[in-house]
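Each ligand, and each atom within it, is numbered from 1 in the order the structure gives.
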Amino acid sequence: MTAPATHGPLIVVAGPSGVGKSTLVEALLKSTDLPLRRAVTATTRPPRPGEAAGVDYHYWTADEFRAAIDAGAMLEYAVVHGSDFYGTPRREVEPHRAAGGAVVLVIDVQGAENVRRLDPGGHLSVFVLPPCEAALEARLRGRGSEDEAKVQRRLQTARAELARAGEFDARIVNDDLSEAVAALEAVVRGEMTRRLTPR
Ligand code: ADP
Ligand code: 5GP
């Protein structure tokens, strides 16, 4: 019999930019009674209107980001959309898992691959899909945070990412938001139960 896991689960939520990952995870955090926390990741891109430092991201300069990499303080990092650094500071994940809580990491597909390489078997990965490509495009434009060139670049990245949905442990279509929230909660609850059940 394996000893019950003392660490809480790490749930990696990935999928194309604009599919609704942040919306989905924020809605789950508001509605769930599970001991769940979102890891706040770091980026070198500037904050969008309405975003707050330490809430949506830690906004770092490229020099600050490089220093964190050199100090071994990042769980993973990637250059996303060919320009900005994005990454997960270890201190956003490890203390909470050690205290038995679940940590959700909202990340891009490269980041999910990095975590898979660094932490094989130690986490559960979820891919969020749009109901169709037109819906993804509408969401990207509707968010109004990127210019046309950036929307086109994100759609191009999305096509390559969508082809990799099969590499993930679970897939959730974000069509009706409340159904997608319920599906994600079921995945997290199942993983917490599995980790706490001696086998
Ligand atoms: P991501 O974190 O994947 O980049 P966001 O959470 O920023 O995506 O969502 C992108 C846009 O899509 C936002 O304007 C958000 O309000 C919208 N959105 C998210 N989920 C849904 C949904 N289920 N139906 C319609 N619009 C949605
Ligand atoms: P956005 O600029 O739209 O907020 O995010 C761009 C992409 O970077 C999204 O797919 C987002 O999930 C991803 N991302 C956010 N944080 C991280 C991170 O810590 N590491 C990696 N690899 N990707 C991230």
Number the atoms of ligand 1 from 1 as they appear, then name those within less than 4.0 Å of a heavy atom of [X], with their elements.
| X | value |
| --- | --- |
| P16 | 3 (O) |
| L177 | 23 (N) |
| S22 | 2 (O), 6 (O) |
| K21 | 1 (P), 2 (O), 3 (O), 4 (O), 6 (O), 8 (O) |

If the threshold is 4.0 Å, N to carboxylate O, is there a salt bridge linking [X] and [Y]?
| X | Y | answer |
| --- | --- | --- |
| R189 | D33 | yes |
| E148 | R141 | yes |
| K30 | E26 | no |

Can you tell me if Y77 has over 12 outside heavy atoms packed within less than 6.0 Å of its OH? no
Heavy-atom count around R139 CZ within 6.0 Å, excluding the residue itself: above 12? yes
Please check whether G20 reaches ligand 1 - meaning an N/O of the residue sits under 3.5 Å from an N/O of the ligand, judged on distance alone. yes
Would you check whether T23 has a nitrogen or oxygen atom less than 3.5 angstrom from a nitrogen or oxygen atom of ligand 1? yes
Nearest protein heavy atom with distance in Å, relative to [atom]:
| atom | value |
| --- | --- |
| atom 12 (O) of ligand 2 | I107 C, 3.2 Å |
| atom 3 (O) of ligand 2 | R48 NH2, 2.8 Å |
| atom 13 (C) of ligand 2 | D108 N, 3.5 Å |
| atom 7 (C) of ligand 2 | V80 CG1, 3.8 Å |
| atom 4 (O) of ligand 2 | Y57 OH, 2.6 Å |

Heavy-atom gap Q110 to ligand 2 smaller than 4.0 Å: no
Is R143 close enough to touch ligand 2? Criterion: a residue heavy atom under 4.0 Å from a ligand atom. yes
List ligand 2 atoms under 4.0 Å from [X], heavy atoms only on the residue side.
| X | value |
| --- | --- |
| A78 | 22 (N) |
| E76 | 18 (C), 19 (O), 20 (N), 21 (C), 22 (N) |
| R154 | 1 (P), 2 (O), 3 (O) |
| G111 | 22 (N) |
| R45 | 1 (P), 2 (O), 4 (O) |
| S17 | 3 (O) |

If we set the cut-off at 4.0 Å for heavy atoms, which region of A180 has an atom near ligand 1: side chain, backbone, both, or neither? neither
Does at least one non-hydrogen atom of D175 fall below 4.0 angstrom from an atom of ligand 1? yes
Proximity flag G18 to ligand 1, non-hydrogen atoms under 4.0 Å: yes
With the 4.5 Å side-chain cut-off for hydrophobic clustering, are I69 and L118 part of the same group? no
Could you tell me whether R48 sits above the aromatic face of Y57, with NZ or CZ closer than 6.0 angstrom to the six-membered ring centre and within 45 degrees of the axis? no
Check the pair D147 / K150 against salt bridge (charged side-chain N to carboxylate O under 4.0 Å, His left out), numbers first and verdict last. CA-CA 5 Å; D147 61 25; K150 282 195 172 160; 5.5 Å; no
Can you check whether P16 has an N/O within less than 3.5 Å of an N/O in ligand 2? no
